[in-house]
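To start, the structure itself, in structure tokens.
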Amino acid sequence: MSEVRSINHGDIDLFELLETLWNGKWKIIATSLIAVIIGIVFIVEKPNSFEVITPIQSGKQSVFLQYTSLNNLLESNKFLLSVDEESVFSMFVVEFNDYKEMVDAVSSSEFVQKSIKDLDDKGKERALIGFAKLFKLSAPSKNNNKWTLYFEWHDSLEGVHLLNDAIRKVLSNIKDAIKANFENLALNIDINNTRELEILHNQLSLLSQEVDERENKRIQYLI
């Protein structure tokens with residue numbers, strides 16, 4: 001008899017639970033609808049984001065064979081620069097990772113300009129650096145033995161355009177740096193040549209004086 005009462009008591013508890021849920025159905029439905037609406041608004045308002053990853057590597061060694069004699073000249077003049085695939089790629093990595101060119105590139109984006117228009121100068125600078133850091137150059141890892149360029153942007157085509165713009169700026173700066181080193185090399189060679197000419201001129205003058213002195217001594221001896 002007690003077992004039957006226990007079962008009936010369990011049935012009554014379940015009924016009460018269902019009745020409680022039924023009475024609060026509108027609250028549950030309203031809460032679910034609010035959550036769904038918030039989710040839809042978040043998805044609609046959130047801008048699309050695209051991730052692009054591409055491998056990057058140094059140029060082929062054959063491209064730099066024409067600079068062999070120039071590299072020998074640089075080495076003989078104790079310049080810490082050589083025009084080969086490794087040194088030029090190293091310059092590219094250093095130049096790209098300082099974000100200056102990337103900041104210049106993203107600042108031309110209409111999306112970025114709208115995003116920072118209400119910020120002060122320091123805020124704009126920090127925001128531009130933040131946008132620039134969305135474009136990364138990653139070193140080789142255990143799983144990948146190549147350098148990779150990665151960026152995340154709301155518009156894939158604009159992202160590619162900004163990245164290409166930054167790469168062009170980086171390569172232009174590298175070219176200017178190499179050109180400046182060549183100009184310094186030419187200047188040093190001119191200075192060294194001038195110094196050597198002066199040394200030779202002085203040696204010739206001393207030799208001429210010695211010859212004149214010997215001739216004068218001979219003349220005096222003959223007299």
Side-chain angles (χ1 to χ4, degrees), residues 37-67 70-71 74 79-184:
I37 292 172
I38 292 174
I40 293 173
V41 170
F42 177 77
I43 293 172
V44 171
E45 292 296 327
K46 183 181 178 182
N48 294 328
S49 180
F50 297 91
E51 294 183 358
V52 177
I53 301 176
T54 181
I56 186 171
Q57 61 185 5
S58 60
K60 296 181 180 179
Q61 186 178 5
S62 58
V63 176
F64 298 91
L65 289 177
Q66 56 183 321
Y67 302 108
L70 183 58
N71 288 330
L74 288 166
F79 271 72
L80 300 178
L81 172 68
S82 59
V83 187
D84 55 38
E85 67 279 9
E86 293 183 1
S87 61
V88 172
F89 188 74
S90 297
M91 293 175 68
F92 175 84
V93 171
V94 172
E95 192 73 21
F96 187 90
N97 284 334
D98 66 10
Y99 292 113
K100 290 180 180 178
E101 292 79 14
M102 203 67 245
V103 167
D104 290 340
V106 298
S107 62
S108 65
S109 168
E110 184 178 353
F111 168 77
V112 173
Q113 292 174 0
K114 289 181 179 180
S115 301
I116 67 175
K117 65 179 181 178
D118 296 327
L119 301 177
D120 57 17
D121 291 340
K122 290 185 178 179
K124 288 180 180 179
E125 183 179 356
R126 288 193 295 267
L128 286 173
I129 293 174
F131 282 119
K133 287 185 176 180
L134 295 175
F135 297 79
K136 301 176 183 179
L137 179 60
S138 301
S141 61
K142 293 181 179 179
N143 298 326
N144 185 9
N145 59 357
K146 293 183 179 181
W147 286 81
T148 54
L149 271 173
Y150 162 87
F151 74 85
E152 181 179 352
W153 202 249
H154 70 284
D155 185 329
S156 59
L157 293 178
E158 184 182 50
V160 171
H161 171 74
L162 295 176
L163 183 60
N164 287 337
D165 187 26
I167 290 175
R168 282 193 296 268
K169 293 177 185 294
V170 168
L171 294 177
S172 178
N173 289 343
I174 292 174
K175 182 183 70 174
D176 292 341
I178 293 176
K179 181 180 177 182
N181 278 281
F182 288 165
E183 291 175 350
N184 290 333

Item to complete: Assess whether atom CG of D121 is packed by more than 12 heavy atoms of other residues, nucleotides or ligands within 6.0 Å.
Response: no
Item to complete: Return the set of residues passing side chain to side chain contact (heavy atoms under 4.5 Å, CB included) with T148 (not counting sequence neighbours), or none when no residue passes.
Response: I53, S138, N144
Worksheet item: E152: what forms a side-chain hydrogen bond (donor to acceptor under 3.5 Å, both in side chains) with it, not counting sequence neighbours?
Response: S49, Y150
Fill in: side chain to side chain contact (heavy atoms under 4.5 Å, CB included) against Q113, all qualifying residues, sequence neighbours excluded
none
Practice prompt. Could you name each residue pair satisfying side chain to side chain donor-acceptor pair (under 3.5 Å) that touches residues 124-134, not counting sequence neighbours?
Written response: none
Item to complete: Calculate, to the nearest 0.5 Å, the distance between atoms CG and CD1 belonging to L149 and I167 respectively.
Response: 5.0 Å
Worksheet entry | Partners meeting side chain to side chain contact (heavy atoms under 4.5 Å, CB included) with K114 (sequence neighbours left out) | E110
Worksheet, complete the sentence: When rounded to the nearest 0.5 Å, the distance separating CD of E51 from CH2 of W153 is 14.0 Å
Worksheet item: Residues two or more places apart in sequence or in another chain: which of them pass side-chain hydrogen bond (donor to acceptor under 3.5 Å, both in side chains) with D165?
Response: none
Worksheet item: How long is the gap from CG on L163 to CG on L134, to the nearest 0.5 Å?
Response: 12.0 Å
Discussion item. With rounding to the nearest 0.5 angstrom, report the OG to CD1 distance, S87 to I174.
Written reply: 9.5 Å
Response to the item:
For F135 and G159, the nearest pair of non-hydrogen atoms, with its separation, is CE2-O, 3.5 Å
Discussion item. Using 0.5 Å steps for rounding, measure from the CG atom of L171 to the CG atom of D176.
Written reply: 11.0 Å
Fill in: Point-to-point distance, once rounded to the nearest 0.5 Å, from NZ of K179 to OG of S172
10.0 Å
Please table the atom pairs, donor to acceptor, closer than 3.5 Å between any side-chain atom in residues 91-106 and protein atoms at least two apart or in another chain.
from	atom 1	to	atom 2	distance (Å)
E95	OE2	N173	ND2	3.1
N97	ND2	V93	O	3.2
D98	OD1	K100	N	3.1
E101	OE2	N173	ND2	2.5

Item to complete: Give a yes or no on this: more than 12 heavy atoms of other residues, nucleotides or ligands lie within 6.0 Å of atom CD of E86.
Response: no
Discussion item. Going by the rule side chain to side chain contact (heavy atoms under 4.5 Å, CB included), which residues pair with S115 if we only count those two or more places apart in sequence or in a different chain?
Written reply: F111, F131
